[in-house]
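Here is how names work: the chains are called A, B, and so on, in the same order as the sequence lines, proteins then strands, and each is numbered from 1.
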2 protein chains.
Amino acid sequence: MPDDEGHPDVAEMELGAVLSALADPLRRRVVRELATGPHGAARTCSSFALPVSKATVTHHFRTLREAGLIRQVDRGNSRMATLRREDIERRFPGLLALLAAEGAQDA
Amino acid sequence: MPDDEGHPDVAEMELGAVLSALADPLRRRVVRELATGPHGAARTCSSFALPVSKATVTHHFRTLREAGLIRQVDRGNSRMATLRREDIERRFPGLLALLAAEGAQDA
DNA sequence: CGCAAGGTACGAAAATGATCGTACCTAGGC
DNA sequence: GCCTAGGTACGATCATTTTCGTACCTTGCG
């Protein structure tokens, strides 16, 4: 039941932190790709090809992790990120659907 | 049919602007009070007793209005604010329930 | 071993956002 | 007409956030 290294528990996820995290378009893009992708998929930070430097990518993923939206697990060389889908749905039902819908009309 | 003075149309409401607006605790409090209060209620800006100056209150209400969350109508002396409940629900279903749930456990 | 790939830590610079004071405007009440 | 109450506009300040460069660490591979 632990906060392994900065992952808040389901009950400790705060709406303010979640909304602040999702206010950034880059972070919203990461969550949307995870949400619309295969269930339980684990991807590396770099696989999202964000148009910013490595240091900035680290910053954004930390924000997402500390808000409770993603889980990051060391896997040897790199660090895999997964969406905490069930946790988010339990705490903030419908939120992921809102994010998934963004940009669904075009593209 | 109009954008009367800075009220975006339903189709023009952007998720980014809405999430940014709701990232601030003061603005979230305004929307939550309107959402949990009587349907269609119109309140003045000052009736929320926000712990900030008049100028800052104006700033927050403009942010909410430009995001499409509230509608502001001049009524003689003051300016009444109403929640755009149906519009929000149509565009971002479930969002208001998320806000209303915040702080419902305590207080 | 040596080295590149993938990330993090640490500042620091730049942009954004929140806050305020003051001045100003408009409608109601006296 | 005058004054107050409720808001807005403008400009400035302060805090937060985004961004970066650089240095550093670790893992896997040749």
Quiz item: Rounded to whole angstroms, how far apart are CG on A:Asp74 and P on D:dC25?
Solution: 17 Å

Exercise. Might you work through the side chain to side chain donor-acceptor pair (under 3.5 Å) test for A:Gln72 and A:Arg65, ending with a clear yes or no?
Key: CA-CA 7 Å; A:Gln72 282 182 293; A:Arg65 165 167 38 88; 2.6 Å; yes

Self-check item: Pairs flagged by ring-ring contact (aromatic ring centres under 6.0 Å, His included) wherever residues 50-82 of chain B is involved - sequence neighbours left out
Solution: B:Phe48-B:Phe61

Exercise. Report the distance from atom CE of A:Met80 to atom C1' of C:dG6, rounded to the nearest whole Å.
Key: 12 Å

Quiz item: So what does B:Asp24 hit on the nucleic acid, given a heavy-atom distance under 4.0 Å: a base, only sugar-phosphate, or nothing?
Solution: sugar-phosphate

Quiz prompt | Set of residues satisfying salt bridge (charged side-chain N to carboxylate O under 4.0 Å, His left out) with respect to B:Arg27, sequence neighbours excluded | solution = none

Self-check item: By side-chain hydrogen bond (donor to acceptor under 3.5 Å, both in side chains) - contacts of B:Ser47 (at least two apart)
Solution: B:Arg43

Exercise. Return the set of residues passing salt bridge (charged side-chain N to carboxylate O under 4.0 Å, His left out) with B:Arg29 (not counting sequence neighbours), or none when no residue passes.
Key: B:Glu33

Quiz item: Side chains of A:Leu96 and A:Leu83: closer than 4.5 Å at any heavy-atom pair?
Solution: yes

Exercise. Report the residues that fulfil side chain to side chain contact (heavy atoms under 4.5 Å, CB included) with B:Leu98, sequence neighbours left out, ordered by chain and then residue number.
Key: A:Phe92, A:Pro93, A:Leu95

Practice problem: Just jot down the side-chain hydrogen bond (donor to acceptor under 3.5 Å, both in side chains) partners of A:Thr56, sequence neighbours excluded, or say none. | Solution: A:Ser53

Quiz prompt | Phosphate OP1/OP2 of C:dG6: any A:Ser78 side-chain N/O under 4.0 Å | solution = no

Quiz prompt | Residue pairs, two or more places apart or on separate chains, that pass salt bridge (Lys or Arg N to Asp or Glu O under 4.0 Å) and touch residues 50-63 of chain A | solution = none

Practice problem: Please state whether the phosphate of D:dT8, meaning OP1 or OP2, lies under 4.0 angstrom from any side-chain nitrogen or oxygen of B:Arg79. | Solution: yes

Quiz item: Is there a residue in residues 40-52 of chain B whose heavy atoms reach under 4.0 Å of DNA chain C, and which residues are they?
Solution: B:Val52

Quiz item: Got a sec, which residues hit side chain to side chain contact (heavy atoms under 4.5 Å, CB included) with B:Pro38, two or more places apart in sequence or on another chain?
Solution: B:Ala41

Exercise. Could you note down all residue pairs passing side chain to side chain donor-acceptor pair (under 3.5 Å) where residues 14-24 of chain A supplies at least one of them, sequence neighbours left out?
Key: none

Quiz item: Which residues, if any, of residues 54-64 of chain B bring a heavy atom under 4.0 Å of DNA chain C?
Solution: B:Ala55, B:Thr56, B:His59, B:His60

Protein-nucleotides 27-30 of chain C N/O pairs under 3.5 Å:
none

